[in-house]
Amino acid sequence: MTTASPVRRNFSTPPAPASPFPYHPGSLLSVMDLSLDDIGRLLASATELESEDPLSRDRILAKRRMALLFYESSTRTRTSFELAAKSLGVDTTLVSNLSSSIEKGETLKDTGLTLRALGAEAIILRHSSSGGAWLLEESTGLPVINAGDGMHEHPTQALLDLRTLLAHLRPGIQSIGADTLAGVTVTIAGDILHSRVARSNLLLLPRLGARVLLCGPPKLLPEIAVHASQGIEIERNFEAALAQSQAVMMLRIQAERLAGLQLDLDEYKASYQLTGQRLAEFAPTALVMHPGPIIRGMEITAGVADGPQSVILEQVSHGFAIRMAVIERALLAKAGHA
C-alpha cells in the first residue's frame with residue numbers, strides 16, 4: 001500500500017493596495033491634499049462667509065455635529081475652530097486629553113470611534129504624534145481636519161498665512177495660480193526642525209511662486225530641509241535673509257521638543273531675534289508674522305510684535321475665516337465624491 005505524498009500549498013503575499021487616503025473628500029490632512037483650484041475655492045469661500053450676515057450664516061450648517069479632539073494645549077487654533085464652527089450653526093464638543101478617557105489610556109482609534117458612535121460628523125484633531133490625523137481618518141471614515149500633528153503639518157495655519165500675505169501683497173486678487181506670489185520672498189526663521197507650521201508653509205508657498213528662505217542655526221535647521229520642496233533656500237545669516245524679504249515669519253523655540261539638544265539661548269537671540277533695530281535697518285517694509293504663541297523677548301521683541309509692521313493679530317482674524325471655509329467643506333462634502 002503506497003501512501004500519497006502530501007500536497008504542499010504555495011503561499012504568496014498579495015500586493016499591498018494603493019493607499020486610499022484621504023478616505024473622505026472633506027478631510028484636510030495636509031496642504032498637499034489641495035490643488036491650486038481647491039485653495040482658490042477655500043479662499044473665495046472664506047471671503048464669502050466672512051461677509052455673510054451672521055444671522056444667515058449660522059443656518060448654513062445648523063445642528064450639524066463636530067468634535068474638537070485636542071491632545072495638546074491650544075489657544076488660537078482651538079478657539080478659532082470652535083468659534084468658526086459655531087458661527088456656521090454647528091454643534092461642537094471639545095474633548096481634551098485632561099478631561100476624558102484619554103488620560104486613562106484610551107487609544108486615538110477608540111476615542112474616534114466613540115465620537116463617531118455619539119454622532120460626530122467630522123473631527124478636528126490636534127495630536128502630539130505625526131500622522132495622528134491619518135490614523136483617525138482611517139479608523140473612523142469621517143472627514144478629519146488636521147489642526148497640527150506632531151512635527152508634521154498644520155495645513156489651516158499655512159492657509160491663513162497665505163490669506164494674510166495675499167491681503168497685503170496681492171490685494172484685490174480674484175484668482176490664484178502658480179505665479180501669484182512670483183517675486184515674493186518669505187523668510188521663515190527659528191525652530192524649523194520641530195515646526196509643523198514651517199513645514200506646511202514651505203510645502204504651500206512655493207506652489208504659488210514664492211521664494212522661501214529658511215533661517216536658523218544648524219541644530220534647528222538641518223541642511224536636508226532645503227530638499228522639502230522647490231523654491232526653498234537656506235540662509236544662515238538672519239540679516240541677509242531680512243534684506244531679501246517681503247515678509248518674515250518668526251517661530252518660537254519649542255522647548256517641549258528640544259530633548260537632547262544643547263542650545264545657547266543668549267547666542268540664539270544675538271543671531272536670530274527680530275528686533276526693532278534689525279527690522280528698521282534690513283527690512284523696513286516687510287510684514288512681520290508669527291503663528292503664536294509668541295515668546296516675547298526670545299524670537300521677537302515686544303516692540304516688533306506690537307509694531308506697525310506686525311500682522312500677527314491679522315493672521316488670527318484670517319484664521320477664523322479660513323477655518324469657517326474648511327469646516328463648511330468638511331461637512332458638505334459627500335463621501336465617494338471628489
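No experiment lies behind these values; they were computed from the predicted model shown.
Listed for the T180 side chain is a donor-acceptor partner under 3.5 Å among the backbone atoms of G177. For S130 (side chain) and M151 (main-chain N/O), a donor-acceptor pair under 3.5 Å exists by modelled atom type. The backbone N or O of T140 lies less than 3.5 Å from a partner atom in the side chain of R116, making a donor-acceptor pair. Side-chain N or O atoms of Q273 include one that pairs as donor or acceptor with a backbone N or O of G297 at under 3.5 Å. For the pair R57 (side chain) and L49 (backbone), a donor-acceptor distance under 3.5 Å is present. In terms of modelled atom types and a separation under 3.5 Å, the side chain of E121 and the main chain of M66 share no donor-acceptor contact. Counting only distance, with no hydrogens or angles, the side chain of D179 and the backbone of A182 share no donor-acceptor pair below 3.5 Å. Although no hydrogens or angles enter the test, the distance criterion places no donor-acceptor pair under 3.5 Å between the side chain of T79 and the main chain of R76. Side chain of R126 to backbone of G148: no donor-acceptor contact under 3.5 angstrom is found. One N or O on the side chain of Q309 and one on the backbone of A286 form a donor-acceptor pair closer than 3.5 Å.
Put simply, CG on L136 and CD1 on I123 are 4.5 Å apart, with the number rounded to the nearest 0.5 Å. Residue L118 holds its CG atom at 11.0 Å from CG of L113, rounded to the nearest 0.5 Å. Distance check, rounded to the nearest 0.5 Å: NE2 of H318 to CD of Q157 gives 12.0 Å. Atom-to-atom distance recorded for S310:OG and I300:CD1 is 6.0 Å, nearest 0.5 angstrom. In this structure, CD1 on I322 lies 11.5 Å from CD1 on I327, to the nearest 0.5 angstrom. The line from CZ of R65 to NZ of K63 is 9.0 Å long, rounded to the nearest 0.5 Å.
One hydrophobic cluster, built from ILVMFWY side chains closer than 4.5 Å, cannot hold both V197 and V316; they sit in different ones. There is no path of hydrophobic side-chain contacts, each under 4.5 Å, that joins L313 to I294.
Within the 4.5 Å cutoff, the side chain of P206 has heavy atoms near those of the V212 side chain. Within the 4.5 Å cutoff, the side chain of H127 has no heavy atoms near those of the L135 side chain. Taking the side chain as every heavy atom from C-beta outward, V326 and L42 approach each other to under 4.5 Å. Side-chain contact between I192 and L220 is absent, with no heavy atoms from C-beta onward closer than 4.5 Å. You'll find the side chain of L142 stays beyond 4.5 Å of the side chain of H24, heavy atoms only. Residues V304 and M250 form no side-chain contact, since every pair of their non-hydrogen atoms from C-beta on lies 4.5 Å or further apart. Considering only heavy atoms from C-beta on, I232 stays 4.5 Å or farther from H227 through its side chain. Residues F70 and I124 are in side-chain contact: their nearest non-hydrogen atoms beyond the backbone lie under 4.5 Å apart.
Sorted by first and then second residue, the salt bridge (charged side-chain N to carboxylate O under 4.0 Å, His left out) pairs with a member in residues 155-178 read E50-R163; sequence neighbours excluded. Applying the salt bridge (charged side-chain N to carboxylate O under 4.0 Å, His left out) test to residues at least two apart or on different chains, the pairs with a partner in residues 234-246 are E223-R236, E239-R278. Within the structure, the ring-ring contact (aromatic ring centres under 6.0 Å, His included) test picks out the following pairs touching residues 268-293 (sequence neighbours left out): Y268-Y272.
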Derivation of the side-chain contact (heavy atoms from CB on, under 4.5 Å) call for L205 and L162: CA-CA 7 Å; L205 296 178; L162 171 61; 4.2 Å; yes
For E106 and T111, what are the C-alpha separation, side-chain angles and deciding distance, and is it a side chain to side chain donor-acceptor pair (under 3.5 Å)? CA-CA 7 Å; E106 184 172 72; T111 299; 2.7 Å; yes
Could you go step by step and tell me if E137 and S27 meet the side chain to side chain donor-acceptor pair (under 3.5 Å) rule?
CA-CA 8 Å; E137 194 200 45; S27 289; 2.4 Å; yes
**Asked** Going through the distances and angles, do L181 and V186 end up as a side-chain contact (heavy atoms from CB on, under 4.5 Å)?
**Response** CA-CA 10 Å; L181 291 176; V186 178; over 6 Å; no
Q) Does the salt bridge (Lys or Arg N to Asp or Glu O under 4.0 Å) test come out yes or no for R252 and D191, once each step is laid out? A) CA-CA 6 Å; R252 72 181 176 91; D191 187 357; over 6 Å; no
One pair to check against side-chain contact (heavy atoms from CB on, under 4.5 Å): T77 and R323. What are the steps and the verdict? CA-CA 9 Å; T77 302; R323 284 162 180 148; 3.9 Å; yes
Does L28 form a side-chain contact (heavy atoms from CB on, under 4.5 Å) with L159? I'd like the steps, not just the answer. CA-CA 11 Å; L28 179 54; L159 289 170; 4.0 Å; yes
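Looking at every heavy atom in both residues, A330 comes nearest to I145 through CB-CD1, 4.0 Å. Minimum interatomic distance between I188 and A198 (heavy atoms only, all atoms of both residues): CG2-CB, 4.1 Å. The minimum heavy-atom distance between L36 and A178, with the atom names listed, is CD1-N, 3.8 Å. S245 approaches L213 most closely through the heavy-atom pair OG-CD1, 4.5 Å. Between S195 and L251 the shortest heavy-atom distance is OG-CD1, 3.6 Å. Considering all non-hydrogen atoms of both residues, V31 and A158 come closest at CG1-CB, 4.0 Å.
For E233, the salt bridge (Lys or Arg N to Asp or Glu O under 4.0 Å) test picks out R211, with sequence neighbours left out. In this structure E267 satisfies the salt bridge (Lys or Arg N to Asp or Glu O under 4.0 Å) test with no other residue, sequence neighbours excluded. Here R296 pairs with D306 under the salt bridge (Lys or Arg N to Asp or Glu O under 4.0 Å) rule; sequence neighbours left out. Shown here are the ring-ring contact (aromatic ring centres under 6.0 Å, His included) partners of F238, two or more places apart in sequence or in another chain: there are none. Taking S200 as the reference, E153 meet the side chain to side chain donor-acceptor pair (under 3.5 Å) condition, with sequence neighbours excluded. Taking the salt bridge (Lys or Arg N to Asp or Glu O under 4.0 Å) definition, one finds that D37 meets it with nothing, sequence neighbours left out. F81 meets the ring-ring contact (aromatic ring centres under 6.0 Å, His included) test with no other residue; sequence neighbours excluded. Every residue meeting the side chain to side chain donor-acceptor pair (under 3.5 Å) condition with S45, not counting sequence neighbours, appears here in chain and number order: E328. Residues meeting the side chain to side chain donor-acceptor pair (under 3.5 Å) test with K269, sequence neighbours left out: none.
Between the side chains of S30 and D33, no donor-acceptor pair is found at a separation under 3.5 Å.
Counted within 6.0 Å of CD1 on I224, heavy atoms from surrounding residues, nucleotides or ligands total 12 or fewer; the atom is thus considered open.
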